[in-house]
Student: 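Encoded as C-alpha cells, here's the structure I'll be asking about.
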Amino acid sequence: MWWHVYPLGFVGAEIRPETPVAARPVEHRLGRIADWLDHVVDLGLNGLLLGPVSASSTHGYDTVDHLRIDPRLGDDGDFDALVAAAHDKGVRVLLDGVFNHIGREHPAFRALESDGPAAESAALFDIDWTGWAPGDPVPVGLFEGHDILVALDHGSAATEDLVVDVMTHWLERGIDGWRLDAAYAVPPAFWARVLPRVRERFPDAWFTGEVIHGDAAAIVRESTMDSTTQYELWQGVWHGIADRNCHELAHAIERHDALLATFVPSTFVGNHDVTRIASAVGERFAGHAAAVLFTVAGVPSVWAGDEYGWTGVKEERIGGDDAVRPEFPDAPPAPTSLTHAYEALVALRRREPWLHRAHTDVTHLTNTAIVLRTATADAAVVTALNLSDDPVDLPVADATRVEAGGGDLRDGTVSLPSGGWAVLTR
C-alpha cells in the first residue's frame, strides 16, 4: 500500500527554472522525504511511490538523463540514503519510469538535431527524414501534442535496450519496482519484450502501468505488467459522491470486480494528475472516498496529503498541476480526524489481507446511500455511505463491529448521521 509523492513539488524545487540542467547546482533535498517516513509507517502504509527523480528540464516528465538524480533533488548519495531509510522501516520504493518520451534537452535528441539520421541515437526515434536538411527542425513525434515531450520509437531494439538498462540500473540501486508512465501510449508488445528481460535479473520486481483508458485486462495479458491504474473506479468514486449518484459508484465497482479474474488493479482516489479528492467531492466527503478505496480489491495508493484533507484543483494550463503538487512542511502536521480515519482503514486492510483480491457486492443502493459488502466464506467487511443531508438507517446484515467512521449499530442496521459513513466487520 503506497504513499504517492511528487518529489519536485514536495521539496519545494523550482518546477520551470530558466537555468539549463547542466548548469544547475546540486541541492540536497531528498532528505525532506525521508523525514516523513515515520508518518508513512504511522499510517500503516508500506510503500513509497516516487514521482520522477531523474534529471529533467521542468516537471520531471521531460527527462534529460535517466541515470542521474535531478540536481534539484540531490545526488546519488541522497537517493541511496532515502532508499535505505525506507527499507529500514519496512517501506518498499517504486520509481516513476518515463519511457514513452524524453525531453528536448536530452543528449539523444540534441544529437539528432545536430547530426540528423547520422546520429548514433537516431534508432531511438521513428522519423521520416524525407526532405530534411541540416538546420531544419527534426520532424519528430510528440507525446499528446506537448512540444517539450519527444516520443521514442517503441518498435526499436535501441529503445528496448535503453529501457532495460535504465530499469535494471535503479533496481540494482535498491528500488523494488516501477510505475510505467503513459503506459497506455506504448504498445503492449514493447513491455512484453522489456519486462521479461528485467525479471530475469529481478524476479521480485513489481510493475504497474498508467492506463487511463482501453481494455485493461487485455493490456495486462499482452504486456506482462502486474497491474494498471484503475481510473474507471476513481471516476466512479469521486463523480458518484460529488453528484450524489451512488448508482454510478455501484456500476464502477461491478466493472472493477470483473478485472480481478486477470489482475489486481492499482487503486487510488488521488494522484499527481487530478484534482485532490477533498476538492473533487467536498471536504465533508473525503472520508467516504477513502472508505471505498480501502475496502474494495486493489493495490491502493494514497496521494500524499489526502490523508489530511488537503485541497487543490487541477487546471488545464501551464502550471495547472502545481496546486495538487505542493511543497510539504519539514515535518508532518498534527493528525486530523481524517488522518485517524485513514489509519483505521489501513489497519483494517492489514488485518484482512484477503481484501486485496476479494469481490464486492452492492447490498443496498439509492441515489444517496450505498452499502458494499466485501467478503469471503469466513469474513466480511461492510462499507455504508450516506451522501444525503438527512440521517439514514442502512442494512448491514451480520456486521457486528464498527471499525472506522461512525454509526450506531443494532439489529443488523447501522444508523448514519447526515453525510456519515461507517466501515464494519462481521
Side-chain angles (χ1 to χ4, degrees), residues 16-17 20-24 51-71 95-171 178-198 207 209-214 219 222-225 273 318:
R16 288 166 288 278
V21 177
R24 295 173 191 170
V53 299
S54 293
S56 75
S57 298
T58 63
H59 47 48
Y61 292 93
D62 48 353
T63 312
V64 302
D65 188 341
H66 290 93
L67 302 183
R68 182 190 178 196
I69 296 297
D70 195 296
L95 281 192
D96 203 344
V98 186
F99 301 128
N100 177 69
H101 47 265
I102 59 173
R104 286 183 175 267
E105 287 189 82
H106 196 290
F109 182 70
R110 287 288 174 86
L112 205 67
E113 288 183 307
S114 61
D115 301 334
E120 291 185 7
S121 58
L124 292 171
F125 308 93
D126 182 16
I127 296 174
D128 181 359
W129 293 102
T130 303
W132 181 84
D136 290 348
V138 178
V140 71
L142 303 176
F143 173 57
E144 297 185 348
H146 297 287
D147 186 62
I148 65 171
L149 304 179
V150 179
L152 294 168
D153 178 6
H154 296 94
S156 164
T159 303
E160 179 184 327
D161 290 343
L162 170 67
V163 174
V164 170
D165 290 344
V166 173
M167 284 187 173
T168 54
H169 172 85
W170 293 106
L171 287 163
W178 288 92
R179 172 195 178 269
L180 307 176
D181 180 64
Y184 60 91
V186 177
F190 175 80
W191 303 118
R193 295 191 301 272
V194 166
L195 300 185
R197 290 178 59 186
V198 178
F207 302 92
E210 181 191 20
V211 173
I212 297 177
H213 46 70
I219 290 171
E222 295 169 16
S223 68
T224 78
M225 289 186 288
D273 279 332
I318 295 176

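Keep in mind that what you see is a predicted model, and the values were worked out from it rather than measured. Positions are given from 1, in the same order as the sequence printed here.
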Student: Classify the ring geometry between Phe125 and Phe109 as parallel (under 30°), tilted (30 to 60°) or perpendicular (over 60°).
Tutor: perpendicular
Student: Of all heavy-atom pairs between Pro52 and Gly60, which one has the smallest distance, and what is that distance?
Tutor: CB-O, 3.2 Å
Student: Roughly how far, to the nearest 0.5 Å, is the CG atom of Leu95 from the CH2 atom of Trp170?
Tutor: 7.0 Å
Student: Counting distance only, does the side-chain N/O of Ser223 pair as donor-acceptor with the main-chain N or O of Pro188 below 3.5 Å?
Tutor: no
Student: Donor-acceptor pair, distance only, cut-off 3.5 Å: does the side chain of Asp62 make one with the backbone of Thr58?
Tutor: yes
Student: Could you check whether the rings of His59 and Tyr61 sit parallel, tilted or perpendicular, using 30° and 60° as the cut-offs?
Tutor: tilted
Student: Would you call Asp181-Arg179 a salt bridge at under 4.0 Å N-O?
Tutor: yes
Student: Can you check whether Leu195's main-chain N or O pairs, donor with acceptor, with Trp191's side chain at less than 3.5 Å?
Tutor: no
Student: Donor-acceptor pair, distance only, cut-off 3.5 Å: does the side chain of Ser54 make one with the backbone of His66?
Tutor: yes
Student: Evaluate the side chain to side chain contact (heavy atoms under 4.5 Å, CB included) criterion for residues Val138 and Ile127: first the C-alpha distance (whole Å), next the side-chain angles of each, then the deciding distance (0.1 Å), finally the verdict.
Tutor: CA-CA 8 Å; Val138 178; Ile127 296 174; 3.6 Å; yes
Student: Has His154 got a side-chain atom pairing as donor or acceptor with Phe99's backbone, closer than 3.5 angstrom?
Tutor: yes
Student: Determine whether His106 and Val150 satisfy the following criterion, side chain to side chain contact (heavy atoms under 4.5 Å, CB included), listing intermediate values before the conclusion.
Tutor: CA-CA 9 Å; His106 196 290; Val150 179; over 6 Å; no
Student: Please evaluate residues Phe190 and Asn100 with respect to the criterion side chain to side chain contact (heavy atoms under 4.5 Å, CB included), reporting the C-alpha separation (whole Å), side-chain torsions for both, the decisive distance (0.1 Å), and the verdict.
Tutor: CA-CA 11 Å; Phe190 175 80; Asn100 177 69; over 6 Å; no
Student: Could you tell me whether a side-chain N or O of Asp115 sits under 3.5 Å from a main-chain N or O of Leu112, the two making a donor and an acceptor?
Tutor: no
Student: Assess whether side chain to side chain contact (heavy atoms under 4.5 Å, CB included) is satisfied between Arg197 and Met167, documenting all intermediate values.
Tutor: CA-CA 10 Å; Arg197 290 178 59 186; Met167 284 187 173; over 6 Å; no
Student: Give me the atom names and distance for the closest heavy-atom approach of Ala122 to Pro117.
Tutor: CB-O, 3.7 Å
Student: Please report the interatomic distance CD1(Ile102) to CD1(Ile148), rounded to the nearest 0.5 Å.
Tutor: 12.0 Å
Student: Of the non-hydrogen atoms in Trp132 and Pro139, which two are nearest, and what is the gap between them?
Tutor: CD1-CD, 3.9 Å
Student: For Ala158, is there any backbone N or O sitting under 3.5 Å from a side-chain donor or acceptor partner on Ser156?
Tutor: yes
Student: Please determine whether a side-chain nitrogen of the Lys or Arg among Asp161 and Arg193 lies less than 4.0 Å from a carboxylate oxygen of the Asp or Glu.
Tutor: no
Student: Looking only at non-hydrogen atoms, find the nearest pair between Ile219 and Met225 and report the distance.
Tutor: CG2-CE, 3.5 Å
Student: Roughly how far, to the nearest 0.5 Å, is the CG atom of Asp165 from the CG atom of Leu67?
Tutor: 8.0 Å
Student: Treating Asp70 as the side-chain partner and Ser56 as the backbone partner, does any N or O pair qualify as donor plus acceptor under 3.5 Å?
Tutor: yes
